[in-house]
Amino acid sequence: MSAARAKLVVMKFGGTSVEDAAAMRRTAAIVRGRRERGLEPVVVVSAMAKVTDLLLAAAAAAGRGHKAEALSISARLRHRHIETAEKLLCGELFIEIEKSIQKRFDSLDDLLRGIAAVGELTPRTGDKVVSYGERLSSRIVAAAFAQEGLNGAHVDARKCIVTDDHYGKAVPQEAAIERALIAQVLPLVEEGKTPVMGGFIGATTEGITTTLGRGGSDFTAALVGGGLHAGAIEIWTDVNGIMTTDPRICGDALRVKTISFEEAAELAYFGAKVLHPATILPAVQKSIPVWVLNSRNAANEGTKITAMAPPCASPFKSIAVKKRLTIIDVVASRMLMSHGYLKAVFEVFDRYHCAIDMVSTSEVSISVTVDSNERLPEICAELEKMADVKMEGAKALICMVGEDIRGQSGISGRVFSAIRHINVRMISQGASEINMSFMIEESDVEEAVRSLHAEFFADPDPAIFDVEAWD
Ligand code: ASP
Ligand code: MG
């Protein structure tokens, strides 16, 4: 499908791509490269690395009534932002930005004092506090772009990203967003400017600040790309795109040049940290390709995520590993022929906000795997009221993903014969039909991944994988 504005490219830079003055300069150079190719960048930035966590910590401290702690976090953040701006900007530009940073931290401090006085943090106020991260980073980056001759123009994301009032995880209103973007961002692009806005934040129609949930800047990029009918969306991070497996485990890992949205979604769910594909859905639905690129290695071509996977000679695209898992076996003869039992078991996990990765059941037992966490003993104690419970930690999940396993026979034979010396605990073939996952001991991960990689990526399809890395 041809995009309505083929030259328009939404470029999203994550926290590490704007973490300090040097990173912001690299970001400016990347954007310059796109402009020199005749593209029209619209830039979305995260808060500087770690800032979101620190703002949340400040808000939480204030909510407990710990005013001094909250204000000291804010003081450190104030210093870091001003120092970054000082290293980047000169003359009038710095004076102006410094004033604006000071003003914003003064109001943040007022807000934190107010929260501490009441001793209660509401989700609505929490969003207000955490929004400062992106509001500040986007202003500094826009000023840096102005200085670098990129015609940087700051846009307050809260004027464009219209959401409902689910504070902490607000739902974007796509039609209203599209109207706002066309009214406020498009004219800037048409004047040859580079609009820069913060990701993650938005506002209700009443103008109350909201956020889209952690990692929400990718979501903003997809909403902006979708709303403006961009030709492409680029997610700039600090890895070379999606790999066939974790290169720290297997030195032969290759970059995957192109992957389908569904495959990327499976991988994200099972531990590949590159991006959460649910957040790029608004782009994929409009057939806008999304690229994952490395801001520390701009020459690398990254990974292209598209709605449909091109045909590939290898059955799998990538092997993901998720470690630090625990298996919990719940055994009860009462389960036989009774209904409502699974529900009761799952409710226990739900009460402790414990997400389950994999489930397998027999007539009298349920095995589930969960991320290891400190609440597991409490969860087991509750389950023991209904069943015999056994918990075993130090497990790992291996998840193999590929559209081309659909309908192919003999694949599981190849998988399990490649790792025939390894003890496999639980197996599941995902309902999506494009993933095969199984649970092993954490200590077997390296051997398993290397054997599987050798079995399935010995002769990689050059259309899909970056085989040049091998020469
Ligand atoms: N700054 C936000 C976070 O750390 C949003 C993002 O970076 O995507 O979750
Ligand atoms: Mg992120």
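The model shown is predicted, which means the values in this text are computed figures rather than measured ones. One-based numbering, in listed order, for ligands and for the atoms of each.
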Going by the atom numbers of ligand 1, which of them fall below 4.0 Å from some non-hydrogen atom of [X]?
| X | result |
| --- | --- |
| Glu134 | 1 (N), 2 (C), 5 (C) |
| Arg214 | 3 (C), 4 (O), 9 (O) |
| Ser46 | 6 (C), 7 (O), 8 (O) |

Is it true that Lys103 and Asp106 make a salt bridge, defined as a side-chain N closer than 4.0 Å to a carboxylate O?
no
For Glu134, is there an ion pair with Lys12 - N to carboxylate O distance below 4.0 angstrom?
no
Could you list the residues that satisfy side-chain contact (heavy atoms from CB on, under 4.5 Å) with Val284, not counting sequence neighbours?
Phe261, Ile280, Ala307
Looking at non-hydrogen atoms alone, which of Phe13, Phe200, Phe219 comes nearest to atom 5 (C) of ligand 1?
Phe200
At a 4.0 Å cut-off, with the gap strictly under it, does some heavy atom of Gly199 reach an atom of ligand 1?
no
Determine all donor-acceptor pairs shorter than 3.5 Å in which one atom belongs to a side chain in residues 395-404; sequence neighbours excluded.
from   : atom 1 : to     : atom 2 : distance (Å)
Lys395 : NZ     : Glu392 : OE1    : 3.0
Lys395 : NZ     : Gly393 : O      : 3.1
Lys395 : NZ     : Glu441 : OE1    : 3.3
Lys395 : NZ     : Glu441 : OE2    : 3.4
Glu403 : OE1    : Arg406 : NH2    : 2.4
Glu403 : OE2    : Ser260 : OG     : 2.6

Is the number of heavy atoms from other residues, nucleotides or ligands within 6.0 Å of CZ (Arg64) greater than 12?
yes
Do Asp218 and ligand 1 have an N or O pair less than 3.5 Å apart?
no
Consider every N or O of Gly215 and every N or O of ligand 1, then say whether any pair is closer than 3.5 Å.
yes
Polar side chain donor-acceptor pair, Arg158 to Thr209, under 3.5 angstrom
yes
